[in-house]
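Side chains are part of it too, since the values below use all heavy atoms of this structure and drop only hydrogens, waters and symmetry mates. Every chain is numbered from 1 and lettered A, B, ... according to where its sequence line falls, protein lines coming before strand lines.
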Amino acid sequence: MQDLATPLAAWYATAARDLPWRRPGFGAWGTLVSEFMLQQTPVARVIPHLQAWLSRWPAPADLAADAPAEAVRQWANLGYPRRALWLHRAAVEIRDRHDGVVPRDVETLLSLTGIGDYTARAVAVFAYGDRHPVVDTNTRRVLARAVEGRAQSGPPSRRDLDAMEALLPADVATSTVVNAAAMELGATVCTARAPRCDACPLASACAWRAAGYPVTEDRRRRQARYEGSDRHARGAVLRTLRDAAPRPVALAEVIAQWPDPAQRDRAIDSLIADGLAEASEELLRLPR
DNA sequence: TAAACGTGGGA
DNA sequence: TTCCCAAGTTT
């Protein structure tokens with residue numbers, strides 16, 4: 001395989017965006033919070049919320065000392081509010097089991113709530129400077145095109161980690177840059193819809209380009225329609241709780257909120273099952 | 001492995 | 001208007 005790491009690192013030195021979590025001394029907690037927020041939410045939407053979150057809770061123990069409801073409320077409209085709950089739980093775990101210090105070890109990070117293969121390695125690599133393969137959706141697309149010669153990546157797999165590992169240089173500091181560079185390239189140049197191959201540092205090495213940009217099999221499933229979905233109902237109910245917090249909301253008020261009674265009940269039940277809501281008497285509220 | 005899980009912006 | 005896409009994780 002050609003050396004992709006060298007051109008990737010060189011390109012990153014000149015093209016990297018100035019993002020908050022890339023500032024020197026941003027800290028492991030800041031990195032961890034940013035990675036939670038960036039799970040499926042675009043960078044531009046995350047930035048203002050990240051600043052507010054870290055101002056309010058500068059360390060894991062600060063968040064752990066507050067109620068989960070406050071985390072869900074501060075999460076606002078970032079989407080997938082379970083992440084707020086998970087981040088709060090992770091903060092409690094960090095306080096109780098790790099002396100309030102964000103772990104450095106990947107296995108330990110993986111044991112925390114809401115942290116999976118991507119986030120664990122992102123923290124170990126970007127916050128602590130260790131050498132591990134970090135693979136997100138951007139990196140998977142870059143690898144699919146440059147290495148495999150495909151138009152888009154297949155379903156996520158543990159093999160993605162091996163593919164990235166094979167590309168990393170031995171030098172620890174450089175490996176960190178290459179991880180970031182692969183993500184950055186996928187985010188800004190090797191994009192899903194309209195890749196800018198004319199500006200790509202890997203153009204001369206890219207297998208997809210060399211093959212003439214073939215249309216390859218796309219096994220991805222279409223995202224379900226959101227309008228009128230169960231997710232939409234959940235979102236509407238939770239928004240009501242969020243907007244009212246810390247005041248609980250009368251069940252009757254929630255019921256008036258969504259027209260389909262069966263769907264509304266499913267939403268309420270599933271929110272309770274997920275720990276995002278609590279019912280008491282005829283009231284519904286965020287978790288305490 | 002696949003389905004579930006929010007929300008908003010751009011094409 | 002509709003569809004696609006977004007630094008994933010959990011069950």
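Separating the CD atom of A:Q263 from the P atom of B:dG6 is a distance of 13 Å, rounded to the nearest angstrom. Atom CD of A:E227 and atom C1' of B:dG6 are 12 Å apart (whole Å). Counting to the nearest Å, the P atom of B:dA4 and the CG atom of A:L276 are 18 Å from each other. In this structure, A:L85 places its CG atom 15 Å from P of B:dC5, rounding to the nearest Å. Going from atom CZ of A:R234 over to atom P of B:dG6 covers 4 Å, rounded to whole Å. One can place CG of A:L241 at 13 Å from P of B:dG6, the figure rounded to the nearest angstrom. One can place CZ of A:R266 at 14 Å from P of B:dG6, the figure rounded to the nearest angstrom. One interatomic measurement links the two molecules: CD of A:Q152 to P of C:dC4, which rounds to 12 Å at whole-angstrom precision.
Between the A:R83 side chain and the A:G114 main chain, no donor and acceptor come within less than 3.5 Å of each other. Panel note: side chain A:W29, backbone A:W57; a donor-acceptor pair is recorded below 3.5 Å. Judged purely by atom type and a 3.5 angstrom limit, A:R121 has no side-chain atom pairing as donor or acceptor with the backbone of A:V135. A:T108 contributes no side-chain N or O that, together with a main-chain N or O of A:R104, makes up a donor-acceptor pair within less than 3.5 Å.
Here the nucleotide nearest the side chain of A:N77, chosen from B:dG6, B:dA3, B:dT7, is B:dT7.
Between the P atoms of C:dT10 and B:dG8, the separation comes to 24 Å (whole Å). Atom name C1', nucleotides B:dT1 and C:dT11: the rounded distance is 11 Å, in whole Å. Taking atom C1' in both C:dT9 and B:dG9, the straight-line distance is 24 Å, to the nearest Å. Only the C1' atoms considered, B:dG6 is 13 Å distant from C:dC5, to the nearest whole Å.
Considering A:L50, A:V43, A:V33 in turn, A:V43 is the only one that fulfils the side chain to side chain contact (heavy atoms under 4.5 Å, CB included) rule with A:L38.
A:F36 comes within contact range of no nucleotide atom at all, as no heavy-atom separation falls under 4.0 Å.
In terms of position on DNA chain B, the residue among A:P155 and A:L238 whose nearest nucleotide sits closer to the 5' end is A:P155. Projected onto DNA chain B by closest heavy-atom contact, A:R219 and A:R83 fall at different nucleotides, the more 5' of which corresponds to A:R219.
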Each nucleotide in nucleotides 5-11 of chain C should get exactly one letter: B, S or -. Can you fill that in based on protein heavy atoms under 4.0 Å?
BBBBSS-

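Ring orientation note: the planes of A:W53 and A:W75 are nearly perpendicular, at an angle over 60° on the 30°/60° scale.
Between A:R221 and B:dA3 there is a side-chain polar atom (N or O) within less than 4.0 angstrom of OP1 or OP2.
Between the side chains of A:Q39 and A:Y118, no donor-acceptor pair of N or O atoms lies under 3.5 Å.
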